[in-house]
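Keep in mind that what you see is a predicted model, and the values were worked out from it rather than measured.
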Amino acid sequence: MPDQFSLIIHGGAGALEQIKREGNETEFMESIRSILESGRSILTAGGSALDAVEHCAAQLEDDPLYNAGRGSVLNEYGEVEMDAAIMDGKTFQAGAVAGITSIKNPTALARQVLEKSEHVMLIGKGAREFAKFCGLPRMANDYFVIETRVRQWREAQKVGGMMLDHEAATPSQKLGTVGAVARDSAGNLAAATSTGGIVNKRWGRVGDSPIVGAGVFADNDTCAVSATGYGEQFQRTVLCKMIADFVYFQKLDAQAAATAGIDYLVKKVQGLGGVIVIDQAGNCAVGHSTSGMIYGWIEHGGEALCKLA
């Protein structure tokens, strides 16, 4: 129904066989369902789509199951370096941060960039200074460094390279990015994406997550999109904006646009990853070219549904 909200979140796309072998599906599904229900509480109380996606992304960042916030992978120095972005489909305002450390919730900082600065993206030291100005929580380094990520980092260092937390990595490397998209009861759309990036990443690498149009996009006239996958492939195809263009120019609904976008990603760059989409009518959709993706959704105010497939 047009006056009801929709919400969809994802916990990354990639090779999920390790999760299934270890029987951890329930842990992930319970996490996704709980976050969805907390997002529902915001939207049923009249909260905005922007509030809902910030909240859900922050919850994903706080859960060490996911490669964002506390669960972020480690860079070449054994440190966490995070990226995030958020976009308001009503106003076209966006905020993004890249290469940040010590900030508990990068998406919250991106929201502050959107609301309290004249810029779209802040990076590194400047972003941390802005976080201090905004009074956002900072955490000690050991808050972010969890044992599973240390093991990943050591494996990557042994082979002397960077490891993508996705399809081409070893089976134990499974997730990439988190995200949330929403349509509130007023018909406004919003999207957020957050990540810790690539295991053992070097040289200040920044992926698609904080790039408007690549890893995140929202437009009330089309759709809201959050992406996960090999960031460079999403950057080169500007995939989230491409999906919105499918809605705008070809009048596709959310699922058709998500499918067309993933087909384009594969055709152009043999891309691996996934997207979550909500169109202006509140229809939820998912597309991915990886063997698996973790996500959950509430469509038109209905039941919370989760999938790991």
| task | Check G287 against A258 and note the closest heavy-atom contact, atom names and distance. | result | N-CB, 4.2 Å
| field | Close side-chain approach of W153 to V73, heavy-atom, < 4.5 Å | value | no
| query | Does one hydrophobic cluster hold both V120 and I100, with members joined at side-chain heavy-atom distances below 4.5 Å? | reply | no
| message | What I'd like to find out is whether the side chain of I86 reaches to under 4.5 Å of the side chain of V53, using heavy atoms alone. | response | yes
| message | Between N188 and N220, is there a side-chain donor-acceptor contact under 3.5 Å, judged purely by atom types and distance? | response | yes
| said: For A281, is there any backbone N or O sitting under 3.5 Å from a side-chain donor or acceptor partner on H300? | reply: yes
| task | Would you name the heavy atoms of A98 and M121 that are closest together and state the gap between them? | result | CB-SD, 4.4 Å
| Can you tell me if T228 uses its side chain to pair, donor with acceptor, with the backbone of G12 under 3.5 Å? | no
| note | In terms of heavy-atom contacts, G71 and R149 come closest through O-NE, 2.5 Å
| query | Around I123, counting heavy atoms of other residues, nucleotides and ligands shown, do more than 12 lie under 6.0 Å from its CD1? | reply | no
| request: Would you confirm whether the ring centroid of F217 sits within less than 6.0 angstrom of the ring centroid of F92? | output: yes
| query | Would a distance-only check, ignoring hydrogens and angles, find a side-chain to backbone donor-acceptor pair under 3.5 Å from D184 to S48? | reply | no
| field | For A96 against A85, the heavy-atom pair lying closest together | value | CB-CB, 3.8 Å
| query | Between T107 and E54, does any side-chain donor sit less than 3.5 Å from a side-chain acceptor? | reply | no
| request: Look at the side-chain heavy atoms of Ile, Leu, Val, Met, Phe, Trp and Tyr, link any pair under 4.5 Å apart, and say whether W297 and M29 land in one connected group. | output: no
| query | Are any side-chain N or O atoms of T237 and backbone N or O atoms of Q233, one a donor and one an acceptor, separated by less than 3.5 Å? | reply | yes
| Test item: M87 and V212 side chains (from C-beta on) under 4.5 Å apart, heavy atoms | yes
| request: Report whether I262 and F246 are members of the same hydrophobic cluster (ILVMFWY, side-chain heavy atoms less than 4.5 Å apart, transitive linking). | output: yes
| request: Tell me whether V181 is reachable from L114 by hopping between hydrophobic residues (I, L, V, M, F, W, Y) whose side-chain heavy atoms are closer than 4.5 Å. | output: no
| For residues 68-85, which residue pairs qualify under side-chain hydrogen bond (donor to acceptor under 3.5 Å, both in side chains), counting only residues two or more places apart or in two chains? | none
| query | Do L74 and N200 have side chains that get closer than 4.5 Å, going by heavy atoms? | reply | no
| query | Checking salt bridge (charged side-chain N to carboxylate O under 4.0 Å, His left out) for the pair R111/D51: CA distance, chi angles, key distance, verdict? | reply | CA-CA 9 Å; R111 174 78 181 269; D51 290 338; 3.0 Å; yes
| message | Are more than 12 heavy atoms, taken from residues, nucleotides or ligands other than Y248, located less than 6.0 Å from that residue's OH atom? | response | no
| field | Short side-chain donor-acceptor distance under 3.5 Å, Q93 and D88 | value | no
| message | Looking only at side-chain N and O atoms, does Q152 offer a donor or acceptor that is under 3.5 Å from a partner on T148? | response | no
| remark: Smallest heavy-atom separation, C284 atom then I298 atom, equals SG-O, 3.9 Å
| task | Ignoring hydrogens and angles, tell me if any N or O in the side chain of S194 forms a donor-acceptor pair with the backbone of A84 under 3.5 Å. | result | no
| task | Could you list the residues that satisfy side chain to side chain donor-acceptor pair (under 3.5 Å) with R138, not counting sequence neighbours? | result | S102
| message | Does this structure show an ion pair linking D62 with K104, if we count only N-O contacts that are shorter than 4.0 Å? | response | yes
| Is there a donor-acceptor contact under 3.5 Å from the side chain of D219 to the main chain of C223? | no
| query | Do you know which two heavy atoms are closest between R33 and A304, and how far apart they sit? | reply | NH1-O, 2.7 Å
| Does the side chain of I32 come within less than 4.5 Å of E30's, by heavy atoms? | no
| Would a 4.5 Å heavy-atom cut-off, applied to side chains only, mark E232 and V269 as touching? | no
| query | Is it the case that more than 12 heavy atoms not belonging to N141 sit under 6.0 Å from its CG atom? | reply | no
| request: Answer yes when K241 and D245 have at least one side-chain N-carboxylate O distance shorter than 4.0 Å, and no when they do not. | output: yes
| query | Can you name the one residue among T177, L60, V286 that meets side chain to side chain contact (heavy atoms under 4.5 Å, CB included) with H10? | reply | T177
| field | Flag side-chain contact, heavy atom, 4.5 Å: I9 against Y295 | value | no
| message | Tell me whether F144 shares a hydrophobic cluster with I103, the cluster being built from Ile, Leu, Val, Met, Phe, Trp, Tyr side chains joined at under 4.5 Å. | response | yes
| field | Donor-acceptor pair between S38 and Q59 side chains, under 3.5 angstrom | value | no
| field | Close side-chain approach of Q280 to D221, heavy-atom, < 4.5 Å | value | no
| message | For S31 and Y66, which I'm curious about, is there any donor-acceptor pair between the side chains at under 3.5 Å? | response | yes
| said: T193 and side chain to side chain contact (heavy atoms under 4.5 Å, CB included): which single residue from C240, S226, P210, P106 fits? | reply: S226
| request: Say whether, by atom type as modelled, one donor and one acceptor occur between the side chain of D253 and the main chain of A256 under 3.5 angstrom. | output: yes
